[in-house]
Amino acid sequence: MSAPNLLITGAQLWSPERSCATALAVTNGVVTAVGSDEEILALAVAETEHIQAAGAAVLPGFHDGHIHATAGGLALLGCNLDAAHSLEGYAGIIRNFALTNDSEWVVGSGWFGDVFTGGLPTRQLLDELVPDRPAVFTSHDAHGVWANTEALRRAGITRETADPAAGRIVRGEQGEPTGVLMDAAGELVSRLIPPHRPEDLRRGLLTAQQHLLSLGITAWHDALLGAYLTLPDSLPAYIETITEGSLRARVTGSMWWPPAAGPDCVPEILEKIQAAAEAGFKIRSVKIMQDGICENCTAALIEPYTGVHPEVRGDSVISPRHLADITAELDAAGLSIHFHGVGDRAVRECLDAVAHARRRNGPGQRHQIAHLDVVDPADIGRFAELEVTANLQPLWARNDQEVLERKFPLIGDSRARHHFPFGALRNAGAHLAMGSDWPVTSPDPLWGLHTACTRTAPAADHHAFNAESRTPAQPEERLSIDDAIRAYTLGSAEASGIAKETGSLQVGKLADLVVLTGPIANSESFDQVRVARTILGGETAYQRSQTAHRAEVPGRSGR
Ligand SMILES: [Zn+2]
(Lines give C-alpha, C1' and ligand atoms only; values in the text may rest on other atoms or scores of the structure.)
Protein backbone atom coordinates (compact mmCIF):
# COMPACT_ATOMS: atom_id res chain seq x y z
CA MET A 1 0.00 0.00 0.00
CA SER A 2 1.37 3.45 -0.88
CA ALA A 3 1.89 6.01 1.88
CA PRO A 4 -1.04 8.28 2.77
CA ASN A 5 -1.34 11.82 1.32
CA LEU A 6 -3.42 13.05 4.22
CA LEU A 7 -3.90 12.25 7.90
CA ILE A 8 -6.50 13.65 10.24
CA THR A 9 -5.93 13.11 13.96
CA GLY A 10 -7.48 14.25 17.21
CA ALA A 11 -10.98 14.11 15.75
CA GLN A 12 -14.38 13.39 17.20
CA LEU A 13 -14.77 10.96 14.31
CA TRP A 14 -18.15 9.86 12.96
CA SER A 15 -17.13 6.50 11.57
CA PRO A 16 -18.88 3.14 11.72
CA GLU A 17 -15.46 1.41 11.56
CA ARG A 18 -14.51 1.77 15.21
CA SER A 19 -16.42 3.75 17.77
CA CYS A 20 -13.27 4.87 19.63
CA ALA A 21 -11.36 5.94 16.48
CA THR A 22 -9.99 9.51 16.45
CA ALA A 23 -7.99 9.49 13.23
CA LEU A 24 -8.00 8.44 9.61
CA ALA A 25 -5.63 8.20 6.67
CA VAL A 26 -6.35 9.08 3.05
CA THR A 27 -4.44 7.70 0.09
CA ASN A 28 -5.18 8.83 -3.47
CA GLY A 29 -8.57 10.22 -2.50
CA VAL A 30 -9.75 7.15 -0.63
CA VAL A 31 -9.95 6.42 3.11
CA THR A 32 -7.30 3.77 3.71
CA ALA A 33 -7.21 3.49 7.51
CA VAL A 34 -9.32 4.43 10.52
CA GLY A 35 -7.93 4.11 14.04
CA SER A 36 -6.32 5.79 17.03
CA ASP A 37 -4.03 8.81 16.62
CA GLU A 38 -1.06 6.59 17.38
CA GLU A 39 -1.92 3.97 14.76
CA ILE A 40 -2.60 6.54 12.06
CA LEU A 41 0.44 8.74 12.81
CA ALA A 42 2.62 5.67 12.37
CA LEU A 43 1.61 5.64 8.67
CA ALA A 44 2.95 9.15 7.97
CA VAL A 45 5.82 9.87 5.60
CA ALA A 46 7.54 13.21 5.00
CA GLU A 47 5.08 14.40 2.30
CA THR A 48 1.91 13.48 4.18
CA GLU A 49 -0.35 16.43 4.95
CA HIS A 50 -1.52 16.39 8.56
CA ILE A 51 -4.70 18.02 9.86
CA GLN A 52 -4.98 18.21 13.64
CA ALA A 53 -8.67 18.40 14.41
CA ALA A 54 -8.06 19.33 18.07
CA GLY A 55 -11.21 17.57 19.25
CA ALA A 56 -13.49 18.96 16.53
CA ALA A 57 -16.08 16.76 14.86
CA VAL A 58 -15.12 15.13 11.56
CA LEU A 59 -18.14 13.83 9.69
CA PRO A 60 -18.77 12.30 6.29
CA GLY A 61 -19.46 15.10 3.79
CA PHE A 62 -23.10 16.15 3.95
CA HIS A 63 -25.35 14.77 1.22
CA ASP A 64 -28.33 16.94 0.33
CA GLY A 65 -30.91 14.37 -0.75
CA HIS A 66 -33.36 16.85 -2.33
CA ILE A 67 -32.18 20.13 -3.81
CA HIS A 68 -32.56 22.39 -6.86
CA ALA A 69 -28.95 23.48 -7.10
CA THR A 70 -29.01 25.48 -10.33
CA ALA A 71 -32.05 27.46 -9.21
CA GLY A 72 -30.29 28.08 -5.89
CA GLY A 73 -27.18 29.35 -7.64
CA LEU A 74 -29.24 31.58 -9.93
CA ALA A 75 -31.00 32.99 -6.87
CA LEU A 76 -27.62 33.88 -5.33
CA LEU A 77 -26.59 35.61 -8.56
CA GLY A 78 -29.91 37.42 -9.11
CA CYS A 79 -31.97 39.79 -7.00
CA ASN A 80 -32.04 37.60 -3.92
CA LEU A 81 -34.56 38.51 -1.21
CA ASP A 82 -33.46 35.57 0.94
CA ALA A 83 -30.91 37.81 2.65
CA ALA A 84 -33.69 39.75 4.45
CA HIS A 85 -36.97 39.06 6.22
CA SER A 86 -38.61 42.48 6.37
CA LEU A 87 -40.31 44.99 4.11
CA GLU A 88 -37.47 47.50 4.47
CA GLY A 89 -34.96 44.73 3.77
CA TYR A 90 -36.74 43.67 0.57
CA ALA A 91 -37.13 47.31 -0.55
CA GLY A 92 -33.41 48.00 -0.10
CA ILE A 93 -32.36 44.90 -2.06
CA ILE A 94 -34.81 45.54 -4.92
CA ARG A 95 -34.01 49.27 -5.23
CA ASN A 96 -30.30 48.60 -5.22
CA PHE A 97 -30.62 45.84 -7.82
CA ALA A 98 -32.79 47.97 -10.12
CA LEU A 99 -30.29 50.85 -9.84
CA THR A 100 -27.29 48.70 -10.74
CA ASN A 101 -28.91 46.52 -13.45
CA ASP A 102 -30.30 47.89 -16.70
CA SER A 103 -31.91 44.59 -17.74
CA GLU A 104 -35.27 44.85 -19.52
CA TRP A 105 -36.95 42.97 -16.65
CA VAL A 106 -36.15 43.05 -12.94
CA VAL A 107 -36.28 39.39 -11.89
CA GLY A 108 -35.68 37.98 -8.44
CA SER A 109 -36.79 35.45 -5.86
CA GLY A 110 -36.99 34.47 -2.22
CA TRP A 111 -39.88 36.43 -0.62
CA PHE A 112 -41.83 35.08 2.35
CA GLY A 113 -45.55 35.87 2.58
CA ASP A 114 -45.46 36.55 6.31
CA VAL A 115 -43.36 39.67 5.71
CA PHE A 116 -46.47 41.38 4.25
CA THR A 117 -49.64 42.55 5.98
CA GLY A 118 -52.33 40.04 5.07
CA GLY A 119 -49.78 37.40 4.07
CA LEU A 120 -49.14 38.48 0.46
CA PRO A 121 -47.40 41.37 -1.33
CA THR A 122 -49.11 43.75 -3.80
CA ARG A 123 -48.24 45.10 -7.23
CA GLN A 124 -48.42 48.69 -5.90
CA LEU A 125 -45.63 47.93 -3.45
CA LEU A 126 -43.45 46.70 -6.30
CA ASP A 127 -44.48 49.63 -8.55
CA GLU A 128 -42.96 52.00 -6.00
CA LEU A 129 -39.65 50.15 -6.12
CA VAL A 130 -39.57 49.45 -9.87
CA PRO A 131 -41.79 51.99 -11.65
CA ASP A 132 -40.06 51.99 -15.05
CA ARG A 133 -40.11 48.36 -16.26
CA PRO A 134 -41.65 44.96 -15.56
CA ALA A 135 -40.59 43.31 -12.30
CA VAL A 136 -41.27 39.74 -11.19
CA PHE A 137 -40.29 37.97 -7.97
CA THR A 138 -40.83 34.28 -7.22
CA SER A 139 -41.66 33.34 -3.62
CA HIS A 140 -39.17 31.23 -1.64
CA ASP A 141 -41.35 28.13 -2.10
CA ALA A 142 -41.69 28.77 -5.89
CA HIS A 143 -45.50 28.60 -5.64
CA GLY A 144 -46.20 32.34 -5.91
CA VAL A 145 -45.11 35.06 -8.35
CA TRP A 146 -45.19 38.72 -7.30
CA ALA A 147 -45.54 41.02 -10.32
CA ASN A 148 -45.73 44.79 -10.72
CA THR A 149 -48.38 46.55 -12.79
CA GLU A 150 -46.19 46.73 -15.90
CA ALA A 151 -45.54 42.97 -15.81
CA LEU A 152 -49.28 42.29 -15.47
CA ARG A 153 -49.99 44.71 -18.33
CA ARG A 154 -47.53 42.97 -20.63
CA ALA A 155 -49.08 39.60 -19.77
CA GLY A 156 -52.53 41.03 -20.51
CA ILE A 157 -53.81 40.10 -17.05
CA THR A 158 -56.94 42.07 -16.10
CA ARG A 159 -59.97 41.48 -13.90
CA GLU A 160 -61.51 39.67 -16.90
CA THR A 161 -58.69 37.11 -17.13
CA ALA A 162 -59.86 33.68 -15.96
CA ASP A 163 -57.72 31.60 -13.58
CA PRO A 164 -55.75 28.99 -15.55
CA ALA A 165 -56.01 25.29 -14.66
CA ALA A 166 -53.97 24.53 -11.51
CA GLY A 167 -53.36 28.22 -10.88
CA ARG A 168 -54.96 31.28 -9.29
CA ILE A 169 -54.77 35.02 -9.92
CA VAL A 170 -55.07 36.63 -6.48
CA ARG A 171 -57.75 39.34 -6.68
CA GLY A 172 -59.06 42.29 -4.70
CA GLU A 173 -62.68 42.90 -3.74
CA GLN A 174 -63.61 44.14 -7.23
CA GLY A 175 -61.87 41.20 -8.90
CA GLU A 176 -58.83 43.25 -9.92
CA PRO A 177 -55.47 41.40 -9.86
CA THR A 178 -53.50 42.37 -6.74
CA GLY A 179 -50.10 41.36 -8.11
CA VAL A 180 -49.69 37.76 -6.89
CA LEU A 181 -50.08 34.79 -9.22
CA MET A 182 -50.24 31.35 -7.61
CA ASP A 183 -48.83 28.15 -9.13
CA ALA A 184 -49.62 27.78 -12.87
CA ALA A 185 -50.92 31.39 -13.03
CA GLY A 186 -47.31 32.50 -12.53
CA GLU A 187 -46.51 31.19 -16.00
CA LEU A 188 -48.71 33.93 -17.51
CA VAL A 189 -45.89 36.38 -16.75
CA SER A 190 -42.85 34.13 -16.27
CA ARG A 191 -43.08 32.93 -19.89
CA LEU A 192 -42.48 36.53 -21.04
CA ILE A 193 -39.19 36.87 -19.15
CA PRO A 194 -36.16 36.48 -21.42
CA PRO A 195 -34.97 32.90 -20.74
CA HIS A 196 -31.68 32.14 -19.02
CA ARG A 197 -28.85 31.67 -21.48
CA PRO A 198 -26.97 28.34 -21.24
CA GLU A 199 -23.93 30.15 -19.79
CA ASP A 200 -26.15 31.66 -17.05
CA LEU A 201 -27.30 28.18 -16.03
CA ARG A 202 -23.74 26.89 -16.02
CA ARG A 203 -22.64 29.83 -13.88
CA GLY A 204 -25.64 29.28 -11.57
CA LEU A 205 -24.72 25.63 -11.09
CA LEU A 206 -21.05 26.35 -10.38
CA THR A 207 -21.99 29.18 -7.99
CA ALA A 208 -24.24 26.70 -6.21
CA GLN A 209 -21.43 24.16 -6.00
CA GLN A 210 -19.10 26.71 -4.43
CA HIS A 211 -21.75 27.72 -1.90
CA LEU A 212 -22.69 24.11 -1.06
CA LEU A 213 -19.05 23.09 -0.59
CA SER A 214 -18.68 25.98 1.88
CA LEU A 215 -21.51 24.39 3.87
CA GLY A 216 -19.83 20.98 3.95
CA ILE A 217 -21.99 19.46 1.21
CA THR A 218 -19.98 17.06 -0.95
CA ALA A 219 -22.90 15.30 -2.67
CA TRP A 220 -26.42 16.16 -3.69
CA HIS A 221 -29.46 14.80 -5.45
CA ASP A 222 -31.08 17.24 -7.85
CA ALA A 223 -34.78 16.63 -7.35
CA LEU A 224 -35.95 17.94 -10.70
CA LEU A 225 -34.20 17.58 -14.03
CA GLY A 226 -36.62 19.37 -16.33
CA ALA A 227 -38.48 22.69 -16.41
CA TYR A 228 -41.18 23.39 -13.81
CA LEU A 229 -42.93 26.67 -12.90
CA THR A 230 -40.14 29.24 -12.79
CA LEU A 231 -37.35 26.63 -12.46
CA PRO A 232 -35.30 26.33 -15.66
CA ASP A 233 -34.18 22.90 -16.93
CA SER A 234 -30.76 22.33 -15.41
CA LEU A 235 -29.96 19.06 -17.20
CA PRO A 236 -27.89 20.76 -19.97
CA ALA A 237 -25.84 22.60 -17.31
CA TYR A 238 -25.10 19.32 -15.51
CA ILE A 239 -24.03 17.64 -18.74
CA GLU A 240 -21.82 20.60 -19.65
CA THR A 241 -20.09 20.80 -16.26
CA ILE A 242 -19.64 17.02 -16.04
CA THR A 243 -18.10 17.02 -19.52
CA GLU A 244 -15.70 19.87 -18.79
CA GLY A 245 -14.83 18.44 -15.35
CA SER A 246 -15.93 21.48 -13.35
CA LEU A 247 -18.66 19.61 -11.43
CA ARG A 248 -16.66 18.10 -8.58
CA ALA A 249 -19.37 17.19 -6.08
CA ARG A 250 -21.02 13.74 -6.29
CA VAL A 251 -24.26 14.51 -8.07
CA THR A 252 -27.27 12.40 -8.96
CA GLY A 253 -30.68 13.56 -10.10
CA SER A 254 -34.27 12.69 -10.90
CA MET A 255 -35.71 13.09 -14.38
CA TRP A 256 -38.93 15.11 -14.28
CA TRP A 257 -42.16 13.22 -14.99
CA PRO A 258 -44.55 15.66 -16.75
CA PRO A 259 -47.66 15.80 -14.51
CA ALA A 260 -50.11 15.31 -17.39
CA ALA A 261 -48.26 12.26 -18.78
CA GLY A 262 -49.90 8.81 -18.62
CA PRO A 263 -48.32 5.35 -18.30
CA ASP A 264 -47.75 5.31 -22.08
CA CYS A 265 -45.08 8.02 -21.62
CA VAL A 266 -42.65 5.64 -19.89
CA PRO A 267 -40.70 4.88 -23.12
CA GLU A 268 -40.25 8.61 -23.74
CA ILE A 269 -38.73 9.10 -20.25
CA LEU A 270 -36.46 6.09 -20.75
CA GLU A 271 -35.24 7.63 -24.01
CA LYS A 272 -34.43 10.92 -22.27
CA ILE A 273 -32.53 9.07 -19.55
CA GLN A 274 -30.65 7.10 -22.18
CA ALA A 275 -29.72 10.31 -24.03
CA ALA A 276 -28.44 11.90 -20.79
CA ALA A 277 -26.37 8.77 -20.04
CA GLU A 278 -24.80 8.93 -23.50
CA ALA A 279 -23.96 12.59 -22.84
CA GLY A 280 -22.25 11.60 -19.57
CA PHE A 281 -24.89 12.00 -16.82
CA LYS A 282 -26.18 8.69 -15.49
CA ILE A 283 -29.70 9.14 -14.10
CA ARG A 284 -31.29 6.35 -12.05
CA SER A 285 -34.34 8.15 -10.77
CA VAL A 286 -37.59 9.80 -11.86
CA LYS A 287 -39.36 12.63 -10.01
CA ILE A 288 -43.13 12.32 -9.72
CA MET A 289 -45.13 15.15 -8.19
CA GLN A 290 -48.28 13.74 -6.60
CA ASP A 291 -49.64 16.90 -4.94
CA GLY A 292 -48.82 20.53 -4.10
CA ILE A 293 -48.52 22.28 -0.72
CA CYS A 294 -50.90 22.72 2.23
CA GLU A 295 -50.69 26.53 2.32
CA ASN A 296 -52.75 26.92 -0.86
CA CYS A 297 -54.84 23.75 -0.42
CA THR A 298 -53.10 21.89 -3.25
CA ALA A 299 -51.70 19.19 -0.93
CA ALA A 300 -53.90 16.08 -1.23
CA LEU A 301 -55.54 15.22 2.11
CA ILE A 302 -57.61 12.19 3.16
CA GLU A 303 -60.11 14.36 5.08
CA PRO A 304 -61.07 17.87 3.88
CA TYR A 305 -59.15 21.00 4.80
CA THR A 306 -60.38 22.71 7.95
CA GLY A 307 -62.41 25.91 7.60
CA VAL A 308 -62.46 25.92 3.78
CA HIS A 309 -65.78 26.02 1.91
CA PRO A 310 -66.85 24.24 -0.17
CA GLU A 311 -65.26 20.99 0.94
CA VAL A 312 -61.71 20.87 -0.40
CA ARG A 313 -59.29 17.93 -0.12
CA GLY A 314 -56.68 18.91 -2.70
CA ASP A 315 -56.24 17.13 -6.03
CA SER A 316 -54.03 14.15 -6.77
CA VAL A 317 -51.79 15.21 -9.65
CA ILE A 318 -51.95 11.70 -11.14
CA SER A 319 -54.90 9.35 -10.67
CA PRO A 320 -53.99 6.58 -8.19
CA ARG A 321 -54.53 3.89 -10.85
CA HIS A 322 -52.19 5.59 -13.33
CA LEU A 323 -49.69 6.30 -10.56
CA ALA A 324 -49.58 2.59 -9.71
CA ASP A 325 -49.05 1.60 -13.35
CA ILE A 326 -46.37 4.25 -13.94
CA THR A 327 -44.57 3.23 -10.74
CA ALA A 328 -44.61 -0.46 -11.66
CA GLU A 329 -43.31 0.27 -15.18
CA LEU A 330 -40.47 2.50 -13.99
CA ASP A 331 -39.58 0.06 -11.20
CA ALA A 332 -39.42 -2.78 -13.72
CA ALA A 333 -37.09 -0.64 -15.86
CA GLY A 334 -34.68 -0.45 -12.90
CA LEU A 335 -35.47 3.14 -11.98
CA SER A 336 -36.00 4.55 -8.51
CA ILE A 337 -38.89 6.96 -7.99
CA HIS A 338 -38.57 10.19 -6.06
CA PHE A 339 -42.14 11.14 -5.17
CA HIS A 340 -43.25 14.56 -3.96
CA GLY A 341 -45.82 13.75 -1.26
CA VAL A 342 -46.97 16.48 1.14
CA GLY A 343 -50.54 15.61 2.19
CA ASP A 344 -51.51 12.32 3.84
CA ARG A 345 -53.57 11.19 0.82
CA ALA A 346 -50.72 11.84 -1.63
CA VAL A 347 -48.35 9.95 0.68
CA ARG A 348 -50.78 7.03 0.85
CA GLU A 349 -51.23 6.98 -2.93
CA CYS A 350 -47.44 6.86 -3.41
CA LEU A 351 -47.13 4.00 -0.90
CA ASP A 352 -50.02 2.17 -2.60
CA ALA A 353 -48.27 2.62 -5.95
CA VAL A 354 -45.05 1.09 -4.58
CA ALA A 355 -47.06 -1.77 -3.04
CA HIS A 356 -48.53 -2.42 -6.49
CA ALA A 357 -45.04 -2.40 -8.04
CA ARG A 358 -43.76 -4.83 -5.38
CA ARG A 359 -46.66 -7.21 -6.04
CA ARG A 360 -46.05 -7.08 -9.78
CA ASN A 361 -42.23 -6.98 -9.90
CA GLY A 362 -41.12 -8.45 -6.57
CA PRO A 363 -38.50 -6.67 -4.47
CA GLY A 364 -36.72 -4.05 -6.53
CA GLN A 365 -35.54 -0.47 -6.43
CA ARG A 366 -35.57 1.57 -3.22
CA HIS A 367 -38.08 4.38 -3.83
CA GLN A 368 -38.55 7.53 -1.78
CA ILE A 369 -41.17 10.07 -0.79
CA ALA A 370 -39.98 13.61 -0.11
CA HIS A 371 -41.52 16.26 2.21
CA LEU A 372 -44.09 14.22 4.23
CA ASP A 373 -45.75 17.20 5.92
CA VAL A 374 -48.74 15.09 7.00
CA VAL A 375 -48.63 11.28 7.20
CA ASP A 376 -51.59 9.27 8.44
CA PRO A 377 -50.49 7.20 11.48
CA ALA A 378 -51.76 4.07 9.68
CA ASP A 379 -49.15 4.59 6.94
CA ILE A 380 -46.06 5.16 9.11
CA GLY A 381 -45.13 1.47 9.30
CA ARG A 382 -45.48 0.96 5.54
CA PHE A 383 -42.25 2.86 4.77
CA ALA A 384 -40.10 0.10 6.29
CA GLU A 385 -42.39 -2.64 4.97
CA LEU A 386 -42.21 -1.40 1.37
CA GLU A 387 -38.57 -0.20 1.52
CA VAL A 388 -39.56 3.38 0.83
CA THR A 389 -37.14 6.05 2.05
CA ALA A 390 -38.59 8.99 3.98
CA ASN A 391 -36.79 11.97 2.43
CA LEU A 392 -37.03 14.70 5.10
CA GLN A 393 -36.55 18.47 4.88
CA PRO A 394 -35.71 18.87 8.57
CA LEU A 395 -35.47 22.67 8.62
CA TRP A 396 -39.25 22.88 8.03
CA ALA A 397 -40.22 21.12 11.27
CA ARG A 398 -40.74 24.17 13.47
CA ASN A 399 -43.35 26.70 14.53
CA ASP A 400 -42.71 29.56 12.12
CA GLN A 401 -45.34 32.28 11.94
CA GLU A 402 -46.29 31.18 8.42
CA VAL A 403 -46.90 27.63 9.70
CA LEU A 404 -48.95 28.73 12.71
CA GLU A 405 -51.01 31.36 10.90
CA ARG A 406 -51.49 29.85 7.46
CA LYS A 407 -50.82 26.12 7.51
CA PHE A 408 -52.12 24.77 10.83
CA PRO A 409 -55.54 26.46 10.58
CA LEU A 410 -55.97 24.70 7.20
CA ILE A 411 -54.94 21.22 8.32
CA GLY A 412 -56.49 21.43 11.81
CA ASP A 413 -55.26 20.32 15.23
CA SER A 414 -55.37 16.54 14.86
CA ARG A 415 -53.30 16.57 11.68
CA ALA A 416 -50.98 19.29 12.99
CA ARG A 417 -50.04 16.81 15.71
CA HIS A 418 -48.54 14.57 13.00
CA HIS A 419 -46.69 17.42 11.30
CA PHE A 420 -43.37 16.13 9.91
CA PRO A 421 -43.43 12.86 11.93
CA PHE A 422 -39.67 12.20 11.89
CA GLY A 423 -39.56 10.37 15.23
CA ALA A 424 -42.54 8.15 14.41
CA LEU A 425 -41.01 7.17 11.07
CA ARG A 426 -37.66 6.46 12.71
CA ASN A 427 -39.27 4.37 15.46
CA ALA A 428 -41.16 2.36 12.86
CA GLY A 429 -37.87 1.47 11.16
CA ALA A 430 -38.19 3.76 8.13
CA HIS A 431 -35.03 4.45 6.19
CA LEU A 432 -34.31 8.20 6.45
CA ALA A 433 -32.62 10.59 4.03
CA MET A 434 -32.41 14.37 4.34
CA GLY A 435 -32.25 17.39 2.08
CA SER A 436 -32.97 21.11 2.06
CA ASP A 437 -35.10 21.71 -1.05
CA TRP A 438 -32.90 24.81 -1.57
CA PRO A 439 -33.72 27.48 -2.77
CA VAL A 440 -37.06 26.89 -1.01
CA THR A 441 -35.15 27.07 2.29
CA SER A 442 -31.51 27.35 3.36
CA PRO A 443 -29.20 24.53 2.24
CA ASP A 444 -27.16 24.74 5.47
CA PRO A 445 -27.06 21.14 6.83
CA LEU A 446 -26.05 22.33 10.31
CA TRP A 447 -29.29 24.32 10.44
CA GLY A 448 -31.26 21.30 9.25
CA LEU A 449 -29.60 19.02 11.81
CA HIS A 450 -30.28 21.54 14.56
CA THR A 451 -34.00 21.56 13.76
CA ALA A 452 -34.14 17.77 13.25
CA CYS A 453 -32.83 17.29 16.80
CA THR A 454 -34.52 20.21 18.59
CA ARG A 455 -37.61 21.02 16.47
CA THR A 456 -36.73 24.71 16.90
CA ALA A 457 -35.28 27.28 14.51
CA PRO A 458 -31.50 27.75 14.44
CA ALA A 459 -30.42 30.91 16.28
CA ALA A 460 -28.93 32.47 13.14
CA ASP A 461 -31.99 31.90 10.90
CA HIS A 462 -33.43 35.35 10.19
CA HIS A 463 -36.59 33.82 8.68
CA ALA A 464 -37.68 32.70 12.15
CA PHE A 465 -38.69 35.89 13.91
CA ASN A 466 -41.60 34.78 16.13
CA ALA A 467 -41.05 33.51 19.68
CA GLU A 468 -42.90 30.23 18.95
CA SER A 469 -40.23 29.21 16.43
CA ARG A 470 -37.83 28.94 19.39
CA THR A 471 -40.03 26.49 21.31
CA PRO A 472 -40.05 22.83 20.19
CA ALA A 473 -42.68 21.89 17.60
CA GLN A 474 -44.06 18.36 18.27
CA PRO A 475 -41.04 17.58 20.52
CA GLU A 476 -41.75 13.82 20.47
CA GLU A 477 -40.76 13.86 16.79
CA ARG A 478 -37.16 14.92 17.54
CA LEU A 479 -34.40 12.71 16.16
CA SER A 480 -31.22 11.68 17.96
CA ILE A 481 -27.96 13.29 16.83
CA ASP A 482 -26.74 9.97 15.40
CA ASP A 483 -29.94 9.33 13.45
CA ALA A 484 -30.01 12.86 12.05
CA ILE A 485 -26.35 12.85 10.96
CA ARG A 486 -26.78 9.42 9.43
CA ALA A 487 -29.80 10.61 7.43
CA TYR A 488 -27.96 13.72 6.14
CA THR A 489 -24.95 11.64 5.04
CA LEU A 490 -25.20 7.88 4.47
CA GLY A 491 -29.01 7.85 4.36
CA SER A 492 -29.08 10.25 1.41
CA ALA A 493 -26.19 8.41 -0.28
CA GLU A 494 -28.15 5.15 0.01
CA ALA A 495 -31.30 6.81 -1.32
CA SER A 496 -29.30 8.16 -4.28
CA GLY A 497 -27.63 4.82 -4.99
CA ILE A 498 -24.03 5.96 -4.36
CA ALA A 499 -23.44 4.59 -0.84
CA LYS A 500 -20.84 2.10 -2.05
CA GLU A 501 -18.54 5.00 -2.99
CA THR A 502 -19.36 7.70 -0.44
CA GLY A 503 -21.54 8.65 2.54
CA SER A 504 -19.52 7.27 5.46
CA LEU A 505 -15.93 7.37 6.73
CA GLN A 506 -14.98 3.80 5.96
CA VAL A 507 -11.91 2.15 4.52
CA GLY A 508 -12.31 1.85 0.76
CA LYS A 509 -14.74 4.75 0.36
CA LEU A 510 -13.98 8.17 -1.11
CA ALA A 511 -12.52 10.63 1.38
CA ASP A 512 -15.49 13.04 1.20
CA LEU A 513 -15.64 14.65 4.61
CA VAL A 514 -16.18 17.76 6.63
CA VAL A 515 -14.16 19.11 9.55
CA LEU A 516 -16.22 21.30 11.89
CA THR A 517 -14.93 24.10 14.12
CA GLY A 518 -15.73 22.14 17.30
CA PRO A 519 -17.24 18.93 18.66
CA ILE A 520 -20.90 17.88 18.58
CA ALA A 521 -21.64 17.51 22.29
CA ASN A 522 -25.44 17.83 22.20
CA SER A 523 -28.14 19.01 19.82
CA GLU A 524 -27.41 22.67 20.65
CA SER A 525 -23.89 22.16 19.26
CA PHE A 526 -25.19 22.43 15.68
CA ASP A 527 -25.86 26.10 16.43
CA GLN A 528 -22.36 26.64 17.80
CA VAL A 529 -20.12 25.04 15.16
CA ARG A 530 -19.41 25.94 11.55
CA VAL A 531 -17.67 24.14 8.71
CA ALA A 532 -13.90 24.61 9.02
CA ARG A 533 -12.95 22.57 5.98
CA THR A 534 -14.62 20.49 3.29
CA ILE A 535 -12.63 17.67 1.73
CA LEU A 536 -13.69 16.05 -1.51
CA GLY A 537 -11.85 12.91 -2.61
CA GLY A 538 -8.99 13.77 -0.26
CA GLU A 539 -8.60 17.34 -1.63
CA THR A 540 -9.54 20.46 0.29
CA ALA A 541 -12.48 21.95 -1.61
CA TYR A 542 -13.32 24.66 0.93
CA GLN A 543 -11.49 26.14 3.88
CA ARG A 544 -12.93 28.69 6.25
CA SER A 545 -10.78 31.78 6.59
CA GLN A 546 -9.52 32.48 10.10
CA THR A 547 -11.56 35.67 10.29
CA ALA A 548 -14.82 34.27 8.91
CA HIS A 549 -17.71 34.32 11.32
CA ARG A 550 -20.08 32.35 9.15
CA ALA A 551 -20.11 30.55 5.82
CA GLU A 552 -19.55 32.94 2.96
CA VAL A 553 -22.25 33.60 0.41
CA PRO A 554 -20.83 34.27 -3.05
CA GLY A 555 -21.14 37.92 -4.11
CA ARG A 556 -24.18 39.03 -6.03
CA SER A 557 -24.20 40.53 -9.47
CA GLY A 558 -26.53 40.75 -12.45
CA ARG A 559 -27.24 37.60 -14.38
ZN1 LIG B 1 -38.12 20.28 -4.33
Side-chain angles (χ1 to χ4, degrees), residues 62-76 82 109-110 112 138-145 166 182-184 186 190 204-205 208 211-212 217 219-235 237-238 251-259 283 285-296 298-300 317-318 336-343 346-347 350 367-374 389-397 402 407 420 432-445 447-448 451 463 487-488 491-492 495-496:
F62 296 120
H63 188 139
D64 194 314
H66 182 116
I67 193 169
H68 308 281
T70 308
L74 288 171
L76 290 179
D82 182 63
S109 59
F112 280 66
T138 309
S139 63
H140 76 102
D141 60 12
H143 286 272
V145 167
M182 302 302 270
D183 294 301
S190 65
L205 179 54
H211 184 51
L212 297 173
I217 295 167
W220 71 76
H221 183 85
D222 196 298
L224 204 165
L225 300 169
Y228 170 66
L229 293 181
T230 51
L231 298 176
D233 184 1
S234 56
L235 181 57
Y238 278 112
V251 175
T252 56
S254 291
M255 187 64 86
W256 176 236
W257 179 269
I283 296 167
S285 168
V286 174
K287 167 74 174 288
I288 295 183
M289 189 111 170
Q290 185 55 5
D291 67 346
I293 59 171
C294 298
E295 288 84 344
N296 59 10
T298 54
V317 173
I318 300 174
S336 160
I337 299 163
H338 191 117
F339 296 99
H340 164 121
V342 165
V347 172
C350 296
H367 303 294
Q368 52 185 320
I369 308 177
H371 309 323
L372 304 167
D373 297 42
V374 188
T389 296
N391 189 315
L392 312 175
Q393 283 59 62
L395 194 57
W396 299 354
E402 216 175 14
K407 189 176 187 181
F420 296 121
L432 305 183
M434 282 186 184
S436 65
D437 211 3
W438 187 53
V440 173
T441 39
S442 164
D444 190 334
W447 284 16
T451 302
H463 297 304
Y488 228 129
S492 292
S496 303

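Atoms within each ligand, like the ligands themselves, are counted from 1 in listed order. Keep in mind that what you see is a predicted model, and the values were worked out from it rather than measured.
- Among the atoms of His68, an N, O or S atom falls under 2.8 Å of the Zn ion (ligand 1).
- Ser285 and Ser254 are linked by a side-chain donor-acceptor pair at a separation below 3.5 angstrom, with hydrogens and angles left out of the test.
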Does the ring-ring contact (aromatic ring centres under 6.0 Å, His included) test come out yes or no for His338 and His340, once each step is laid out? CA-CA 7 Å; His338 191 117; His340 164 121; 9.5 Å; no
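- Asp437 has its closest N, O or S atom to the Zn ion (ligand 1) at the position named OD1.
- A donor-acceptor pair shorter than 3.5 Å cannot be found between the side chains of Asp437 and Gln393.
- For the atom pair CH2 of Trp257 and CD1 of Ile337, the computed distance is 9.0 Å after rounding to the nearest 0.5 Å.
- With 2.8 Å as the limit, His340 does not count as an N, O or S neighbour of the Zn ion (ligand 1).
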